[in-house]
Student: 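Provided herewith is a single structure, encoded as structure tokens, for subsequent inquiry.
Atoms within a ligand are numbered from 1 in the order they appear, just like the ligands themselves.
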Amino acid sequence: MLFSELAGYYEKLEAVSSRLAMVDILADLLNKAGKEEVSKVIYITQGVLAPPFEGVEFGMAEKLVEESIAMATGFTKAEVERTYRSKGDMGATAMELRSKSKLKRMSSHSYTVMEVYEHMLKMATTAGHGSKDIKIKMLANLIAAATPVEAKYLAKYPLDELRMGVGDATVLEALSKAATGDRKLKGELENAYNLCSDLGLVGEKLMNGGEQAVRNFRISVFRPIRPALAERLPTAEQILEKMHGIASVEQKYDGFRCQVHKDGRKVRIFSRRLENTTEMFPDLVDAAIQEIGAGSIILDGEAIAFNEDTGEFRPFQETIKRKRKHGIEEKAASLPLHLFAFDILYLNGEDYMKEPYKRRREELEKLLKGNHIIVPSNRIVTTVSKELEGFFERSIEGGLEGIVAKDLESKYKPGAREFSWIKMKRSYKGELSDTIDLVIIGYYRGRGMRSEFQFGGLLGAVYNEKRDLFESVSRIGSGFSEAQMVELREKLDRIKTKAKPARVDSVVEPDFWVTPKYVITVRADEITKSPTHTCGKEKQHDGSEVGYALRFPRLVGEETIRSDKGPEEASTTEEIIEMYNLQKRVKVEG
Ligand code: ATP
């Protein structure tokens with residue numbers, strides 16, 4: 001496939017405003033792509049070079065792309081800069097200057113998708129002395145041979161701006177449609193995706209090996225598995241009832257989720273978002289080599305800083321200091337971590353995810369026996385709600401967040417939030433007992449006192465998994481420090497969109513729409529029914545539509561933008577409805 005054809009599809013994708021239309025265009029595109037091109041087309045369409053866990057990044061700032069455009073079009077850097085400032089978008093800048101350029105297209109060569117991809121990959125992985133200039137030239141070469149529309153996407157790709165607003169679920173649906181004409185394979189594809197976290201690989205398997213290859217998909221070491229997630233319930237009784245009278249109740253550690261993969265002496269650690277965080281944890285890598293005897297293994301757990309002198313857990317504010325790019329070894333020495341392993345997914349060639357929790361746990365305890373750093377999470381098994389409560393209280397006293405109860409008979413459910421794991425956190429009087437993670441879909445201009453920061457708050461949304469859309473749930477106007485307002489304004493300015501993005505569902509109009517990208521954490525007093533927001537909206541008898549909204553939401557948390565969550569990992573519509581129902585029940589009971 002020629003890159004110009006791909007750019008044509010992107011033009012179509014940009015022009016549509018409904019997700020279903022997106023699925024159709026994508027399915028068509030995936031069908032047209034050659035078998036060896038499918039994975040690359042998927043990566044490019046999501047604006048990446050490889051699945052996130054491989055950590056391949058372009059490392060190109062706007063200034064470099066501007067220089068490439070200048071070199072390729074013959075305009076001066078100042079002219080490129082001026083056009084960029086007036087357009088506010090690098091793609092539009094490249095397109096305009098390419099079409100106005102007096103330099104002829106440098107060659108008559110039309111690049112294929114494969115050629116562009118390989119060129120971009122080489123560009124991204126060029127490192128060391130002089131690499132900046134090489135990158136500029138490499139991109140310039142592509143743009144110089146491009147048509148204006150191609151130039152637009154070539155300039156956006158290295159800036160992480162190419163993501164066509166296409167979510168993982170939309171790609172999976174399009175793959176199903178491309179292969180079978182409808183959505184019937186979506187479940188199977190999702191399953192394969194949960195086991196490898198690599199959409200390109202899933203697409204390649206499907207288009208090359210057909211449905212059977214997707215059904216036979218197996219986990220493998222060093223490809224992260226999408227993590228299982230916990231549901232929530234407010235009381236010990238409800239938890240035990242849901243788990244048929246008996247539960248394993250584990251302490252809930254507030255630190256870094258770590259999925260540890262090990263084969264011989266090679267170790268990789270993946271985060272909640274499945275990014276490769278191995279570099280951040282040299283102490284855990286050492287411990288994995290020293291303390292885990294098994295040949296090849298995948299463990300799931302939470303790492304938390306631990307005070308060796310007092311034997312106490314440290315709070316999250318301390319643990320998070322381990323998140324850094326420099327001085328890693330020093331910090332590892334002053335703030336050692338313990339990894340509380342709570343699951344085993346794979347061991348020496350055997351897939352453990354289908355085994356019941358109790359067998360996985362047994363194996364985990366056997367394997368980690370006598371360890372110091374990588375130890376099993378603390379837990380009790382109980383049938384008595386008073387005992388569960390006591391364990392919860394003791395966990396809180398010990399500085400932890402609460403507990404996670406686990407169903408003894410359940411499988412490990414990758415990528416799913418289900419009642420086989422139920423979390424219970426400390427509840428705050430008069431407030432919702434849990435925080436909510438919102439995707440920013442828009443923001444407001446500052447008025448009055450805020451005008452000097454040019455920031456008047458955010459429009460937040462939750463993720464509707466079934467619709468693969470972001471539904472508005474609240475405007476957030478408080479909890480921001482001055483520094484946070486400046487930071488948000490700067491970050492959001494860069495991802496402003498002219499119109500409401502296709503995967504956003506909102507009748508509330510912010511001053512500016514943004515690409516759904518950043519996730520923030522808020523605490524609210526209450527969830528209320530709302531005619532204004534689209535979250536979970538349903539038609540009423542009188543024909544009006546009512547959704548849900550947050551009352552008095554305010555920004556909380558250690559980080560302004562959650563680095564461990566992407567838009568699809570925000571709280572979901574379903575969770576909001578559940579929390580609304582829980583809150584009603586708590587109110588009635590309390
Ligand atoms: P989520 O990860 O469920 O989207 P979140 O990031 O806000 O939500 P919480 O709701 O606080 O996190 O709780 C779930 C997280 O708790 C898990 O993702 C995991 O990182 C952590 N955790 C700590 N201890 C345990 C445990 N014993 N079993 C399972 N998860 C645990």
Side-chain angles (χ1 to χ4, degrees), residues 224-234 239 247-260 269-275 277 299-306 313 315-316 319-320 337-345 357 360-361 364-365 368 374-381 391-392 395-396 398-408 410 412-428 432-439 462-463 465 519-523 556-559 562-572 574-576 578-579 582:
I225 293 157
R226 307 228 304 141
L229 303 171
E231 276 286 355
R232 42 173 93 67
L233 281 174
I239 291 177
S248 168
V249 186
E250 301 188 8
Q251 286 185 319
K252 184 174 191 306
Y253 309 93
D254 195 9
F256 301 108
R257 179 111 184 221
C258 289
Q259 196 180 102
V260 181
I269 300 176
F270 301 102
S271 68
R272 159 86 167 81
R273 264 184 104 169
L274 305 176
E275 282 160 339
T277 46
L299 293 179
D300 195 359
E302 187 93 358
I304 177 171
F306 194 76
F313 301 111
F316 186 68
T319 301
I320 189 114
L337 298 175
H338 278 215
L339 178 74
F340 290 92
F342 47 72
D343 228 308
I344 175 166
L345 313 185
Y357 165 88
R360 301 200 305 275
R361 179 75 201 189
L364 188 73
E365 288 181 8
L368 303 182
I374 303 185
V375 294
S377 52
N378 295 317
R379 65 144 192 182
I380 59 166
V381 174
F391 188 74
F392 172 78
S395 299
I396 300 286
L400 296 175
E401 250 194 322
I403 55 98
V404 186
K406 315 234 164 135
D407 181 339
L408 294 171
S410 67
Y412 187 91
K413 311 256 175 62
R417 191 180 298 282
E418 291 194 15
F419 281 100
S420 43
W421 287 14
I422 305 175
K423 61 191 172 190
M424 183 163 88
K425 295 194 196 174
R426 187 200 346 226
S427 81
Y428 297 80
L432 284 175
S433 61
D434 206 353
T435 52
I436 295 168
D437 301 322
L438 299 181
V439 187
V462 286
Y463 179 52
E465 288 175 295
V519 175
I520 54 165
T521 298
V522 303
R523 187 176 286 290
V556 294
E558 295 305 316
E559 301 175 293
R562 291 278 298 247
S563 56
D564 63 337
K565 290 198 169 180
E568 279 97 13
E569 280 113 18
S571 299
T572 61
E574 218 171 297
E575 286 183 85
I576 296 291
E578 253 175 45
M579 286 169 90
L582 281 178

Student: Give the atom numbers and elements of ligand 1 that come within less than 4.0 Å of a heavy atom of Lys565.
Tutor: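 What qualifies from ligand 1 is 1 (P), 4 (O), 5 (P), 6 (O), 7 (O), 8 (O).
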Student: Asp434 and salt bridge (Lys or Arg N to Asp or Glu O under 4.0 Å): which single residue from Lys252, Arg523, Arg232 fits?
Tutor: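 Option passing the salt bridge (Lys or Arg N to Asp or Glu O under 4.0 Å) with Asp434: Arg232.
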Student: Among all the protein's non-hydrogen atoms, which is closest to atom 23 (C) of ligand 1, and how far away is it?
Tutor: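 The answer is Tyr253 O, 3.0 Å.
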Student: Measure the distance from atom 26 (C) of ligand 1 to every protein heavy atom, then report the residue, atom name and distance (to 0.1 Å) of the closest one.
Tutor: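 Its nearest protein heavy-atom neighbour is Phe342 CD2, 3.3 Å.
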Student: Please verify whether a non-hydrogen atom of Trp421 lies at under 4.0 Å from ligand 1.
Tutor: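 Right, Trp421 reaches ligand 1.
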Student: Taking only non-hydrogen atoms of Arg417, do any sit less than 4.0 angstrom from ligand 1?
Tutor: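 The answer is yes, since Arg417 has a heavy atom less than 4.0 Å from ligand 1.
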Student: Can you tell me if Arg232 contacts ligand 1 (heavy atom of the residue under 4.0 Å from the ligand)?
Tutor: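 No, Arg232 has no heavy atom closer than 4.0 Å to ligand 1.
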Student: Considering only non-hydrogen protein atoms, determine which one is nearest to atom 10 (O) of ligand 1 and report residue, atom name and distance to 0.1 Å.
Tutor: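 Residue, atom and distance for the closest contact: Lys423 NZ, 2.1 Å.
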Student: Please report which non-hydrogen protein atom sits nearest to atom 16 (O) of ligand 1, along with the residue it belongs to and the distance in Å to one decimal place.
Tutor: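 Here the nearest protein heavy atom works out to Lys252 NZ, 3.2 Å.
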Student: Ignoring hydrogens and angles, tell me if any N or O in the side chain of Ser248 forms a donor-acceptor pair with the backbone of Val381 under 3.5 Å.
Tutor: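 Such a contact is absent between Ser248 side chain and Val381 backbone.
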Student: Quick one: nearest non-hydrogen protein atom to atom 18 (O) of ligand 1, plus distance?
Tutor: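 For this ligand atom, the closest protein heavy atom is Arg257 NH1, 2.9 Å.
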Student: Contact between Arg562 and ligand 1, counting heavy atoms under 4.0 Å?
Tutor: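 Yes, Arg562 has heavy atoms under 4.0 Å from ligand 1.
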Student: Is the ring pair Tyr412/Trp421 parallel, tilted or perpendicular, if the boundaries are 30 and 60 degrees?
Tutor: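 Tyr412 vs Trp421 ring planes: perpendicular.
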Student: Of all the atoms in ligand 1, which lie at a distance below 4.0 Å from a heavy atom belonging to Glu250?
Tutor: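 It comes down to these atoms of ligand 1: 26 (C), 27 (N), 28 (N).
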Student: Has the side chain of Gln259 got a donor or acceptor atom that lies under 3.5 Å from a matching backbone atom of Ile225?
Tutor: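 A pair under 3.5 Å: yes.
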Student: Using a 4.0 Å cut-off to any heavy atom of Gln251, which atoms of ligand 1 qualify?
Tutor: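 Listed by number with element, the hits are 24 (N), 26 (C), 27 (N).
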Student: May I ask whether Glu569 has any heavy atom positioned less than 4.0 angstrom from an atom of ligand 1?
Tutor: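 Outside the 4.0 Å threshold, so no.
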Student: Can you tell me which residue and heavy atom of the protein come closest to atom 21 (C) of ligand 1, and the distance to 0.1 Å?
Tutor: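 Of the protein heavy atoms, Glu302 OE1, 3.3 Å lies nearest.
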Student: Distance to 0.1 Å, residue and atom name: give those for the protein heavy atom nearest to atom 1 (P) of ligand 1.
Tutor: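 For atom 1 (P) of ligand 1, the nearest protein heavy atom comes out as Arg272 NH2, 3.6 Å.
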Student: Using a strict cut-off of 4.0 Å, indicate which atoms of ligand 1 neighbour a heavy atom of Lys406.
Tutor: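 Answer, ordered by atom number: 26 (C), 28 (N), 29 (C).
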